[in-house]
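I have placed the structure first, in the form of structure tokens, so that the comments after it can refer back to it.
Along the sequence shown, residues carry numbers from 1. Indexing begins at 1, ligand by ligand and atom by atom, following the structure's order. Just so it is clear, the values below take in all heavy atoms, side chains as well, and ignore hydrogens, waters and symmetry mates.
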Amino acid sequence: MNMAINWILERVEESTSTNEDLMSRWRAGLLWEPVARMALKQTSGRGRMGRAWVSGPDTALTFSVAYPFKKGIQDLSGLSLACGLAVVKGIASATNTSKEDLQKMGLGLKWPNDILLNQKKLAGMLIEGGRLKTEEPTWLIIGIGINLNSNSNISAQIGREIAGVNDLAISTPINADLLWLELLKELGAVIVDFENSSFKKFQTEWNDWDVYKNKMCQIHQQDKLELEGTAKGVDENGCLLIESSGTLKKIISGDVSLRIAE
Ligand code: BTN
């Protein structure tokens, strides 16, 4: 049976960062139950690789969930990819749009954990946390930021164009609270499934949403070009497969970034 997660819901006006809020609670040993914390405004949002996540009030949905995993961190690789799937599924339910239609509109996933709309970033994810003592669960703080509107001020601040859920060709504007609840439902289902199985269960579905599949790509590490080749989706552990000079190479998620070859 697929048990849903009963998230404790916290919805606050303002926070520096919902990830930081839950991380400091985790460090202080103050997390007991699965919790979901949403802030209408973040003053110091954090992104991957030490970058900032910039969003203004009403332009993005920003929230984090904290969940106690039985698995150790080494068995949780690929979770962020599975959570990306939860995001696109949540968008599908909240907008009442089929997967096929969303894909036709240009929605897709980019390894390891970006959600893109026609090559522009629509949402991002930052996972932090770990296990403090061996007898304790692995608490992961999964932070998700989803742009609602493509906002030119933010694009100017971060130096590239972004996309929003309201750029999808759907008739009614999205309600952020409804989207949040749908996302929590999908995240709950993915987390429970992941705990009871592994990434393998999500592999085919993830590859189906992969927007870089069969494209010439580059792997960069700290802005240095490491590898160039054709992206071939992910393997059963969530590693990216790149075909280069006739061999298939596996890229383990870490501080690497994937780009379309120019
Ligand atoms: C990225 O793409 O670099 C990850 C962005 C993650 C942003 C979200 S917004 C809610 C949560 N709180 C944060 O400070 N960051 C995450």
Side-chain angles (χ1 to χ4, degrees), residues 7 9-27 31 34-67 79-88 90-91 107-117 119-129 139-151 154-155 157-165 174 176-177 179-184 186-187 191 209 211-212 220-223 240 253-259:
W7 300 107
L9 299 183
E10 299 179 355
R11 187 177 179 276
V12 297
E13 192 78 30
E14 188 178 309
S15 156
T16 47
S17 149
T18 54
N19 257 46
E20 185 45 43
D21 292 343
L22 297 182
M23 280 295 283
S24 51
R25 243 183 258 176
W26 167 64
R27 286 190 213 100
L31 287 177
V35 45
R37 183 173 175 84
M38 187 250 256
L40 296 177
K41 187 180 162 204
Q42 280 192 141
T43 50
S44 188
R46 297 209 301 247
R48 286 180 71 228
M49 298 189 258
R51 288 192 289 248
W53 169 269
V54 190
S55 61
D58 303 323
T59 65
L61 167 65
T62 49
F63 71 100
S64 305
V65 298
Y67 186 81
L79 176 76
S80 68
L81 280 79
C83 289
L85 269 177
V87 172
V88 289
I91 293 175
L107 187 70
L109 297 173
K110 178 192 166 213
W111 186 89
N113 44 18
D114 284 345
I115 290 96
L116 301 184
L117 180 62
Q119 302 296 334
K120 294 176 202 153
K121 187 146 160 170
L122 180 101
M125 192 184 308
L126 174 68
I127 304 191
E128 303 178 275
W139 277 98
L140 288 189
I141 317 299
I142 306 169
I144 298 178
I146 303 187
N147 297 317
L148 298 173
N149 304 304
S150 39
N151 179 304
I154 289 168
S155 292
Q157 268 185 66
I158 62 173
R160 62 194 151 93
E161 278 190 88
I162 57 166
V165 188
I174 192 116
D177 289 317
L179 177 62
W180 186 43
L181 297 178
E182 292 297 339
L183 289 168
L184 290 180
E186 297 295 343
L187 274 171
I191 287 172
W209 280 96
V211 287
Y212 276 24
H220 290 253
Q221 190 155 25
Q222 280 149 4
D223 272 328
L240 177 70
S253 174
D255 287 351
V256 292
S257 70
L258 171 66
R259 304 180 190 172

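- Of the N or O atoms in Lys121, one or more lie within a sub-3.5 Å distance of an N or O in ligand 1.
- Across Leu122, Thr59, Ile174, a single residue satisfies side-chain contact (heavy atoms from CB on, under 4.5 Å) together with Leu148, and that is Ile174.
- Counting only heavy atoms of the protein, atom 5 (C) of ligand 1 lies nearest to Trp53 CE3, 3.4 Å.
- The side chain of Gln42, and not its backbone, has at least one atom closer than 4.0 Å to an atom of ligand 1 (non-hydrogen atoms only; side chain from C-beta on).
- Considering backbone and side-chain atoms alike, Arg46 places an N or O below 3.5 Å from some N or O of ligand 1.
- Atoms of ligand 1 lying under 4.0 Å from any heavy atom of Thr18, numbered from 1 in the order shown and given with element: 10 (C), 11 (C), 12 (N).
- Classification of Arg27 and Glu20 as a salt-bridged pair holds, one side-chain N sitting under 4.0 Å from a carboxylate O.
- The shortest distance between side-chain heavy atoms of Arg11 and Asp177 falls below 4.5 Å.
- Residue contacts with ligand 1 for Asn113 are absent, since no atom lies close enough (heavy atoms, distance under 4.0 Å).
- The shortest distance between side-chain heavy atoms of Ser150 and Lys120 does not fall below 4.5 Å.
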Go through the steps for Gln119 and Tyr212 under the test side chain to side chain contact (heavy atoms under 4.5 Å, CB included), then give the verdict. CA-CA 10 Å; Gln119 302 296 334; Tyr212 276 24; 3.6 Å; yes

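- Remark: of the listed residues Leu81, Leu85, Ile115, Leu85 is the sole one forming a side-chain contact (heavy atoms from CB on, under 4.5 Å) with Trp209.
- Near Gly47, the atoms of ligand 1 lying under 4.0 angstrom from a non-hydrogen atom of the residue are 1 (C), 3 (O), 4 (C), 5 (C).
- Taking atom 3 (O) of ligand 1 as the reference point, the nearest protein heavy-atom neighbour is Arg48 N, 2.6 Å.
- Put simply, no part of Arg51 is less than 4.0 Å from ligand 1, judged by heavy atoms.
- Side-chain atoms of Trp7 come within 3.5 Å of backbone N or O of Leu184 as a donor-acceptor pair.
- Taking every non-hydrogen atom of Gly45 and a distance limit under 4.0 Å, the qualifying atoms of ligand 1 come out as 14 (O).
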